[in-house]
Amino acid sequence: MLVCFWLPYVFCWTVFIECTKTAPAQKEEKIQDQEYWYEQARIALRKRLQYATDRRPHAKNVVLFVGDGMGVATATAARILRGQRLGKRGEDHELAWDAFPAVAFAKTYNMDAQIGESSACATALMCGVKTNFETVGLDARGRFENCFSSFSSRVSSLIDWAQESGKSTGIVTNTRITHATPAALYGHSPSRYWEDDSKVLLGGGRRHWLPKVAHDPEQTKEEGRRLDGRNLIDDWARDKKKRGLKAEYVWNKGQLDKVNPNQVDYLLGLFSYSHMDFEADRDPGQTGDPSLADMTRSALAILLKNPKGFFLVVEGGRIDHAHHYNNAYRALDETLAMETALLAALALINPTETLIIVTSDHSHVITMGGQATPRGHPILGPDSKVSDVDGQPYTTILYGNGPGFATPRIIPMNTSSAAEDRNQVHASAVPRQWATHGGEDVPVYALGPLATTLFTGTFDQSYIPHAIAYSACLGEHRLRCQGLDNYTAPQVPNCVSPEVSSVSAAGQPVVIASSVMADDGQRVKASSAPSFTPAVLGVCLAATLKFAIT
């Protein structure tokens with residue numbers, strides 16, 4: 001047993017020694033690791049706190065909404081679409097986050113990439129450090145697909161900091177729970193693609209929780225993807241029962257609707273085989289899937305029971321997927337589905353004791369524009385004028401690259417059905433199989449304790465979790481609510497007492513997650529990591545990467 005435990009370490013150390021023997025001598029470059037980004041966040045906090053007239057308020061609860069791929073153009077177009085769906089012209093409509101008192105911008109570049117990638121951006125957003133392209137839960141010392149590099153580069157996340165403070169925690173997403181953004185909350189992997197034990201032991205939505213021999217309960221022809229024979233859903237339920245905890249697993253909307261929050265403290269929901277359906281395609285029936293708003297309400301009903309507070313992440317993950325297809329209809333529709341989830345949350349929480357953040361991990365190459373386009377013009381339609389060069393029409397929403405490239409260019413069809421409308425692909429300037437991410441800064445909207453102090457100006461994305469931690473007295477700021485502010489001498493024995501929530505019964509942590517329908521397109525990025533065989537790599541990772549069932 002002891003030999004088996006040490007074998008992967010011996011193997012990886014041998015690989016390391018051999019690599020150092022053959023690698024040419026290079027000038028050592030200082031890596032911007034965890035401590036570097038923590039210090040940058042401290043500097044950014046000091047800059048903003050110097051203008052604060054009162055630093056005492058704190059957030060008992062935190063809700064972080066992440067619109068995956070939701071840049072400024074997406075938010076603007078979605079605002080107009082919502083207004084037009086309500087029978088208005090649209091431009092003067094307001095989305096829920098438009099009324100938040102604090103607005104800032106976050107830089108989304110990665111350590112080795114000018115244009116941000118989801119897992120690296122999520123690591124910055126959840127863990128407070130910038131990292132390398134396609135790695136997750138590691139700082140910049142972690143190298144893509146390099147098992148050895150993950151040993152010493154792991155970083156903790158907001159969910160860790162919240163649990164250390166006794167708060168309940170939750171994850172709501174309409175992507176796989178092992179997908180790039182939610183994975184940053186609990187995973188530590190040199191590749192975002194290692195979602196199951198075909199390469200690494202993590203976990204996820206049903207296909208990554210079920211063994212190869214098990215069939216999915218809905219898509220009965222589909223099998224699980226685990227090669228170790230474990231059924232993590234059963235393991236999760238068995239673990240909770242062994243510890244005498246009140247837990248429940250659900251996999252469709254009807255089951256979720258029947259959950260009694262007074263009788264459940266831990267909730268696991270895996271509602272589809274891979275990513276969940278787009279909202280426009282979702283089956284809202286009892287045997288179908290819950291909406292993002294449904295899941296948010298269910299999560300909060302349990303999280304609010306903890307008198308110490310909670311931390312909840314809600315991801316509108318399929319905004320990004322629709323943008324990759326240059327499918328503006330679904331991208332905007334998914335943005336509005338996330339707004340509906342935000343409205344559901346606002347109806348249940350107290351903003352005087354809850355910090356609410358709405359932001360994105362990165363943008364997309366969507367743009368909107370036109371020449372003298374009249375007010376109220378359909379946001380998904382063609383401009384009112386044709387091009388003054390080729391005389392051809394064009395949509396007001398266009399993409400910089402992606403599958404919408406054609407000569408002559410694509411224009412909206414004269415359709416007669418809603419199904420045809422939502423399947424339209426908008427034109428792009430450069431042909432690509434999938435549209436890329438955009439590199440511009442993304443908006444950050446904030447409401448709640450210290451929001452107008454902490455979330456101002458432009459900052460690195462990695463600053464956001466540190467600002468959240470300061471407001472909520474988490475992580476290295478956990479003693480702030482005892483009067484031990486890192487940036488000032490002790491002033492008061494305690495923070496200002498927040499208003500008491502209307503729901504205050506004792507409770508336990510909760511995770512509600514969902515996952516579905518795969519984006520199984522081929523990955524084109526070449527690996528520069530050492531050439532491990534899958535068998536040896538699996539052994540190495542199994543000994544070093546921990547799957548956490550919360």
Side-chain angles (χ1 to χ4, degrees), residues 31-42 44-45 59 61-64 66 110-111 118-132 135-143 149-171 173 177-192 194 200-203 308-313 315 355 357 359 361 454 460-481 484 486 509-511 513 541 543-550:
I31 294 178
Q32 294 179 351
D33 59 6
Q34 171 179 304
E35 183 50 39
Y36 173 86
W37 291 108
Y38 273 46
E39 182 56 31
Q40 293 303 303
R42 295 175 194 125
L45 279 168
N61 312 308
V62 178
V63 186
L64 173 59
V66 182
N110 303 148
M111 282 302 301
S118 292
S119 62
C121 288
T123 300
L125 186 56
M126 307 297 183
C127 305
V129 302
K130 281 190 176 291
T131 192
N132 294 318
T135 65
V136 61
L138 310 176
D139 67 19
R141 294 170 294 174
R143 303 297 178 182
S149 72
S150 68
F151 293 3
S152 59
S153 59
R154 299 183 192 183
V155 291
S156 58
S157 74
L158 276 165
I159 215 166
D160 297 315
W161 306 343
Q163 289 177 355
E164 288 169 0
S165 295
K167 295 184 185 295
S168 296
T169 57
I171 303 172
T173 178
I177 192 61
T178 50
H179 209 240
T181 301
L185 289 162
Y186 61 85
H188 311 279
S189 176
S191 174
R192 61 171 287 187
W194 295 351
V200 65
L201 182 65
L202 283 175
K308 293 184 177 180
F310 65 84
F311 170 70
L312 173 66
V313 173
E315 183 202 17
L355 177 64
I357 306 293
T359 188
D361 52 350
L454 300 176
D460 277 305
Q461 194 169 41
S462 55
Y463 162 81
I464 295 173
H466 295 283
I468 290 173
Y470 186 89
S471 174
C473 302
L474 305 177
E476 68 176 28
H477 304 291
R478 61 189 176 278
L479 299 180
R480 187 178 75 83
C481 286
L484 300 176
N486 291 2
V510 59
V511 170
L541 289 165
T544 58
L545 296 174
K546 180 177 71 174
F547 167 65
I549 303 177
T550 55

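Computed over heavy atoms, backbone and side chain alike; hydrogens, waters and symmetry mates excluded.
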- request: Tell me, please, which residues at least two apart from Glu315 pass side-chain hydrogen bond (donor to acceptor under 3.5 Å, both in side chains).
  value: Thr173, Thr175, Thr181
- prompt: Quick one: side-chain hydrogen bond (donor to acceptor under 3.5 Å, both in side chains) partners of Asp33, sequence neighbours excluded?
  reply: none
query: Between Thr123 and Gly137, is there a donor-acceptor pair closer than 3.5 Å when you use the side chain of the first and the backbone of the second?
result: yes
query: At what distance, to the nearest 0.5 angstrom, does CE of Met126 lie from CD of Gln461?
result: 9.0 Å
field: Under 3.5 Å donor-acceptor, Lys130 side chain and Ala124 backbone
entry: no
statement: Value for CG (Leu158) from CG (Leu125), rounded to nearest 0.5 Å, stands at 8.0 Å
message: Taking Ile159's backbone N and O only, do any of them form a donor-acceptor pair with Ser157's side chain (distance below 3.5 Å, no angle check)?
response: yes
- prompt: What is the minimum heavy-atom distance between Val63 and Phe310, and which atoms define it?
  reply: CG2-CE1, 3.7 Å
Rounded distance (nearest 0.5 Å) linking atom SG of Cys473 with atom CD1 of Ile468: 13.5 Å
field: Note, Val62 side chain near Lys167 side chain (heavy atom, < 4.5 Å)
entry: no
query: Val155 and Tyr38: side-chain contact (heavy atoms from CB on, under 4.5 Å), yes or no, with the steps?
result: CA-CA 11 Å; Val155 291; Tyr38 273 46; 5.7 Å; no
message: Could you measure the distance from the CD1 atom of Ile464 to the OG1 atom of Thr359? Nearest 0.5 Å is fine.
response: 4.5 Å
- line: Of all heavy-atom pairs linking Tyr470 and Arg480, the shortest is O-NE, 2.7 Å
Nearest-0.5 Å distance, CG of residue Asp460 to NE2 of residue His466: 10.5 Å
query: How long is the span from the CE atom in Met111 to the OG1 atom in Thr131, to the nearest 0.5 Å?
result: 8.0 Å
- request: Give the minimum heavy-atom separation between Ser119 and Val136, together with the two atoms involved.
  value: CB-CB, 4.0 Å
message: Restricting to non-hydrogen atoms, name the atom on Leu138 and the atom on Val129 that form the minimum distance, rounded to 0.1 Å.
response: O-CG2, 4.0 Å
Minimum heavy-atom distance between Ala184 and Cys127, given as atom pair plus value: O-SG, 3.4 Å
- request: Please report the shortest heavy-atom distance between Trp37 and Gly128, naming the atom on each side.
  value: CB-O, 3.6 Å
field: Heavy-atom side-chain proximity of Arg42 to Glu476 below 4.5 angstrom
entry: yes
side-chain hydrogen bond (donor to acceptor under 3.5 Å, both in side chains) partners for Ser156, two or more places apart: Trp161
